[in-house]
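Shown next, in structure tokens, is the structure this report addresses.
All of these numbers come straight from a predicted model, not from anything done at the bench. Below, chain A is the first sequence line, B the second, and so on; all start at residue 1.
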Protein chains: 2
Amino acid sequence: MDIGKYKSNDKILVAVDCIIFGFDGGALKALLIKRSLQPEKGKWSLMGGFVNQNESTDEAATRVLRQLTGIENIYMEQLYCFSDVNRDTAGRVISIAYFALINIADYSEQLQAEHEAKWFELGQLPDLVFDHTVMVLKAQESLREKVARQPIGFELLPNKFTLPQLQSLYEAIYETSLDTRNFSKRILALGVLNKLDEKEKKNSRRGAFYYVFDAIKYKSLETNGVRFI
Amino acid sequence: MDIGKYKSNDKILVAVDCIIFGFDGGALKALLIKRSLQPEKGKWSLMGGFVNQNESTDEAATRVLRQLTGIENIYMEQLYCFSDVNRDTAGRVISIAYFALINIADYSEQLQAEHEAKWFELGQLPDLVFDHTVMVLKAQESLREKVARQPIGFELLPNKFTLPQLQSLYEAIYETSLDTRNFSKRILALGVLNKLDEKEKKNSRRGAFYYVFDAIKYKSLETNGVRFI
DNA sequence: TCAAAAGTGTTCTAGATACACCCATGT
DNA sequence: ACATGGGTGTATCTAGAACACTTTTGA
């Protein structure tokens with residue numbers, strides 16, 4: 001046997017697919033594109049791409065995300081490997097799904113047009129190619145779990161945000177409504193938000209104070225296991 | 001372009017590696033084998049194998065687990081896809097890691113000898129090939145998260161088990177000690193264990209009652225999110 | 001002055017924790 | 001009789017849930 005070359009084993013096409021979540025202040029959305037290659041060309045799809053011989057799946061996902069959004073440092077996390085033999089109707093492809101969180105305002109209109117991309121509210125998704133609907137549902141489930149225990153919700157908001165915005169975000173993610181008093185008590189008690197002097201004035205006459213997430217303060221809590229919600 | 005055949009893209013070797021956990025009444029252990037092929041032949045390793053063109057990664061993992069343990073219905077769960085370009089020193093291989101939970105007593109001595117397999121206490125693992133140590137650590141972390149919210153701890157115990165055994169299991173997984181009174185209160189309050197008339201008499205003169213997990217009773221709680229610990 | 005959103009405190013409840021003694025039985 | 005592990009109850013504490021009114025300000 002040839003030492004250590006694994007020559008006799010099957011090679012397989014490996015892809016990444018990205019579930020890109022965004023929040024517009026009211027609803028949680030996913031970014032979909034019109035698939036640009038056969039089969040199923042023209043159907044709504046997640047943004048994806050093949051993994052090259054010389055890149056990790058993380059690198060491939062980062063590349064795909066940059067291509068579609070133009071954003072450099074996107075929060076991104078591996079979700080799951082989907083590998084059913086017939087999941088892709090054109091051949092054997094296993095796909096490593098990633099979910100990403102972006103501030104919807106950072107996303108360039110221009111790229112959106114180029115890729116025929118569109119934001120869809122979760123729960124109002126169109127039919128998707130292959131197993132992409134399953135991927136989105138699993139991503140949503142994973143997002144719900146993670147966002148309660150890690151400070152990743154902030155990735156979906158602008159750098160400075162108000163408490164009502166943050167509350168709306170959690171309400172959208174969990175499809176529930178929260179008590180304002182209990183919410184602000186719990187979040188502020190964590191001590192990881194810094195209040196600014198500045199107010200956001202678009203949504204109300206009175207205005208709501210901006211806050212920023214303080215990663216340093218968070219670091220010191222991290223070990224004990226925090227609950228954001 | 002050839003419609004829908006993805007001809008121009010790179011194909012990659014895909015493997016599965018299995019972290020097999022077992023519990024011997026005192027410590028949580030992982031089953032390792034002496035690697036049987038080059039490179040790194042003879043070093044301690046997770047049990048693994050390549051994914052064939054005509055099988056999913058779940059199927060490949062099931063196959064690999066059956067090969068090593070002889071057990072048919074093993075509890076198994078996909079952990080993570082490891083894909084660093086240089087993770088395998090002999091070529092580009094991405095690996096989908098799975099963790100599995102087995103009742104250590106079910107495991108045949110014969111197969112253990114055949115594969116030169118051995119149980120190691122976590123925390124006393126030998127050097128492992130490639131990135132397998134990282135895989136085990138990630139599996140352990142995932143096990144801790146899952147076992148608190150899903151009734152999978154029972155997979156590590158015999159069908160009938162005593163409360164002291166169950167408590168020892170959780171103590172081993174979390175490397176902590178628990179209060180006997182609080183533990184039995186909480187577990188029994190869930191109402192998913194059925195007490196048998198029979199007693200286990202090996203560990204004490206008095207004997208401890210056996211219990212069995214009742215999957216039906218668990219089903220009805222499942223939606224509300226249970227906490228086992 | 002009024003409409004519309006922001007902001008804030010107290011009581012109650014349930015689940016978690018802390019804690020120590022008696023029981024059963026084989027030797 | 002005694003050594004060994006099995007089994008149980010109560011008081012306290014704490015985090016989460018329920019709940020409504022006042023403030024600000026642009027139009």
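Remark: P of C:dG15 and CD1 of B:I187 are 15 Å apart, rounded to the nearest angstrom. Atom CD of A:E200 and atom P of C:dA4 are 17 Å apart (whole Å). Summarising the geometry, the separation between CD on B:E198 and C1' on C:dA24 is reported as 18 Å, rounded to the nearest angstrom. Rounded to whole Å, atom C1' of D:dG16 lies 13 Å from atom CG of A:L178. Between A:N203 atom CG and C:dA4 atom P the separation is 14 Å, expressed in whole Å. Protein atom CZ of A:R227 is 13 Å distant from nucleotide atom C1' of C:dA16, rounded to whole Å. Here the P atom of nucleotide C:dT8 and the CZ atom of A:F183 are 14 Å apart, to the nearest Å. Atom CD1 of B:I229 is separated from atom P of C:dG15 by 17 Å (rounded to the nearest Å).
A salt bridge links A:K29 with A:D24: at least one charged nitrogen is closer than 4.0 Å to a carboxylate oxygen.
Note on ring orientation: taking the six-membered ring where Trp is involved, the planes of A:F213 and A:F154 are parallel (angle under 30°, cut-offs 30° and 60°). The aromatic rings of A:Y80 and A:F82 stand perpendicular to each other, their planes meeting at an angle above 60°, with 30° marking the opposite boundary. A tilted orientation is assigned to the rings of B:Y218 and B:F228, their planes being inclined by 30° to 60°.
Considering A:L193, A:V192, A:L188 in turn, A:V192 is the only one that fulfils the side-chain contact (heavy atoms from CB on, under 4.5 Å) rule with A:L190.
Partners of A:F23 according to the ring-ring contact (aromatic ring centres under 6.0 Å, His included) rule, which considers only residues two or more places apart in sequence or in another chain, do not exist here.
Taking only side-chain nitrogens and oxygens, B:K201 comes nearer than 4.0 Å to OP1 or OP2 of C:dG26. Contact annotation: A:R186 reaches the phosphate of D:dA17 (side-chain N/O to OP1 or OP2, under 4.0 Å).
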Contact pattern, 5' to 3', of nucleotides 7-15 of chain D - B, S or - by protein heavy atom under 4.0 Å: SBBB-----

Please list, one pair per line, the donor and acceptor atoms closer than 3.5 Å that link side chains of residues 204-211 of chain B to other protein atoms, with sequence neighbours excluded.
from: B:S204; atom 1: OG; to: B:G207; atom 2: N; distance (Å): 2.9

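Side-chain proximity of A:R205 to D:dG26, C:dA5, D:dG16: nearest is D:dG26.
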